[in-house]
Amino acid sequence: VNKKKLNDLHKLLHIQKNELVIATMGRLIKQKGIIEFYHAAKFLKKQKQNLRFIIIGLDDDQNPSKISDDVLNEIENIGIKILKNRNDIREILSLVDIFVLASYREGLPQSIIEAQAMGVPVVTTDVAGCHERVRNNYNGYLVRKKDPRSLSLAISKLIENPNKRRVFSERGLRIINEAMDQRIII
């Protein structure tokens, strides 16, 4: 991880020392659960201090379910930072304390794999693809799709329990490492 890039990101994101960083990543379309993440973040920001929310997203202008610029502006207006079309995902994830993917469906959820490989605990939806990467209450939390309330409750559990974050991080990283070892052997 590039230290200069980390310092630049800290400044860009205005991350304070005592803040927890909670992020999601994916194309900026409804099916990736960006709206549910926004509603969960909005609720949690009212309940708790010292939280920094980030959306790392790719523009997908050709997709009919693209999130409109008006909605993206509304999201940013409540203090959620949107980082578009980035090539420094590793550095960004190294700053994240909790990763969220509220997707409606996934094939192979690359963003969960990347978060786990960086040792970040995960909250995701109980849908195909995601529940193959995360076992509920073992290496992350699974929640119902399209349910910002259950999403915010799961995120809140991790906010309140640093030990659980550490355990989920270690287990997620171990699962990723074991999967990579098996690929090398095969």
Side-chain angles (χ1 to χ4, degrees), residues 9-10 13-26 28 30-57 67 71-72 74-83 89 92-106 109 111-127 129-176:
L9 283 168
H10 264 277
L13 300 172
H14 307 291
I15 298 171
Q16 306 301 312
K17 284 201 183 286
N18 61 343
E19 284 184 318
L20 285 178
V21 178
I22 302 163
T24 191
M25 181 167 52
L28 297 173
K30 292 179 182 137
Q31 289 87 347
K32 293 297 180 182
I34 302 294
I35 301 300
E36 287 77 7
F37 179 81
Y38 159 62
H39 287 296
K42 194 169 157 182
F43 174 77
L44 289 166
K45 285 171 78 60
K46 289 179 186 173
Q47 305 299 315
K48 302 178 186 314
Q49 301 294 313
N50 305 321
L51 301 177
R52 178 73 52 193
F53 289 90
I54 302 168
I55 296 172
I56 309 152
I67 297 172
V71 172
L72 292 175
E74 182 182 324
I75 290 170
E76 285 195 303
N77 286 339
I78 71 155
I80 298 173
K81 185 70 175 170
I82 300 174
L83 301 173
I89 301 304
I92 295 168
L93 286 175
S94 74
L95 301 175
V96 173
D97 297 291
I98 300 169
F99 181 79
V100 178
L101 182 63
S103 189
Y104 301 174
R105 66 179 186 280
E106 285 292 320
S111 60
I112 290 176
I113 294 168
E114 290 173 324
Q116 289 176 324
M118 292 298 295
V120 182
V122 174
V123 175
T124 190
T125 44
D126 190 5
V127 297
C130 295
H131 60 222
E132 280 79 29
R133 300 277 9 125
V134 173
R135 286 185 276 161
N136 194 43
N137 207 27
Y138 177 77
N139 66 328
Y141 286 126
L142 294 171
V143 301
R144 291 182 304 277
K145 71 179 180 180
K146 300 182 182 183
D147 187 350
R149 181 167 156 42
S150 68
L151 189 64
S152 64
L153 289 171
I155 295 167
S156 186
K157 284 183 196 176
L158 285 178
I159 290 168
E160 299 298 327
N161 193 336
N163 187 55
K164 184 69 87 172
R165 289 196 308 268
R166 182 188 55 75
V167 168
F168 284 178
S169 296
E170 290 169 357
R171 289 175 178 167
L173 186 57
R174 187 173 348 126
I175 289 169
I176 291 294

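Numbering of residues begins at 1 and proceeds along the displayed sequence.
To the nearest 0.5 Å, atoms OG (S103) and NZ (K146) are separated by 11.0 Å. Atoms CD1 and NZ, on I75 and K42 in that order, are 10.0 Å from each other to the nearest 0.5 Å. To the nearest 0.5 angstrom, I89 atom CD1 is 8.0 Å from L83 atom CG. Here the CG atom belonging to L51 is positioned 14.0 Å from the NZ atom belonging to K46, to the nearest 0.5 angstrom. Annotation: the span from H39 atom NE2 to L151 atom CG amounts to 11.5 Å, rounded to 0.5 Å. A distance of 7.5 Å separates OG in S94 from CG in L9, rounded to the nearest 0.5 Å.
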Side chain to side chain contact (heavy atoms under 4.5 Å, CB included) evaluation trace for K81 with H14: CA-CA 10 Å; K81 185 70 175 170; H14 307 291; over 6 Å; no
Criterion side chain to side chain contact (heavy atoms under 4.5 Å, CB included) on E106 and L101, from CA distance to verdict: CA-CA 10 Å; E106 285 292 320; L101 182 63; 4.1 Å; yes
Stepwise side chain to side chain contact (heavy atoms under 4.5 Å, CB included) test for I22 and I159: CA-CA 9 Å; I22 302 163; I159 290 168; 3.9 Å; yes
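A salt bridge between K30 and E36 is absent, with no side-chain N of the basic residue lying under 4.0 Å from a carboxylate O of the acidic one.
With hydrogens and angles ignored, the 3.5 Å screen pairs no side-chain donor or acceptor of R52 with any backbone N or O of I15. Proximity of a side-chain donor or acceptor of N139 to a complementary backbone N or O of R133 within less than 3.5 Å is detected. T24 places a side-chain N or O within donor-acceptor distance of the main-chain N or O of V100, the cut-off being under 3.5 Å. A donor-acceptor pair is defined here as one N or O able to donate and one able to accept, closer than 3.5 Å; no such pair exists between the side chain of Q47 and the backbone of S156. A donor-acceptor pair under 3.5 Å is absent between the side-chain atoms of R144 and the main chain of D126, judged by distance alone.
Looking only at side-chain heavy atoms (C-beta outward), M118 and F99 stay at 4.5 Å or farther from each other. Under the 4.5 Å side-chain criterion, counting only non-hydrogen atoms from C-beta, V143 is in contact with V123. Side-chain contact check for L72 versus I55: every heavy-atom pair is 4.5 Å or farther apart. Residues L20 and L158 are not in side-chain contact: their nearest non-hydrogen atoms beyond the backbone lie 4.5 Å or more apart. T124 is listed as a side-chain neighbour of L142, based on a closest heavy-atom distance under 4.5 Å. When side chains are defined from C-beta on, V21 does not count as touching L13, because their heavy atoms never get closer than 4.5 Å. Counting heavy atoms from C-beta outward, L44 and F53 have side chains that approach closer than 4.5 Å. Between M25 and L93 there is a side-chain heavy-atom pair separated by less than 4.5 Å.
V122 approaches A115 most closely through the heavy-atom pair CG2-CB, 4.3 Å.
The cationic atom of R171 (NZ for Lys, CZ for Arg) lies less than 6.0 Å from the six-membered ring centre of Y138 and within 45° of the ring axis. Taking the centre and axis of the six-membered ring of Y141, the NZ or CZ atom of K157 falls inside the cone set by 45° and 6.0 Å.
Partner of F168 under the side-chain contact (heavy atoms from CB on, under 4.5 Å) criterion, out of K164, E170, R166: K164 alone.
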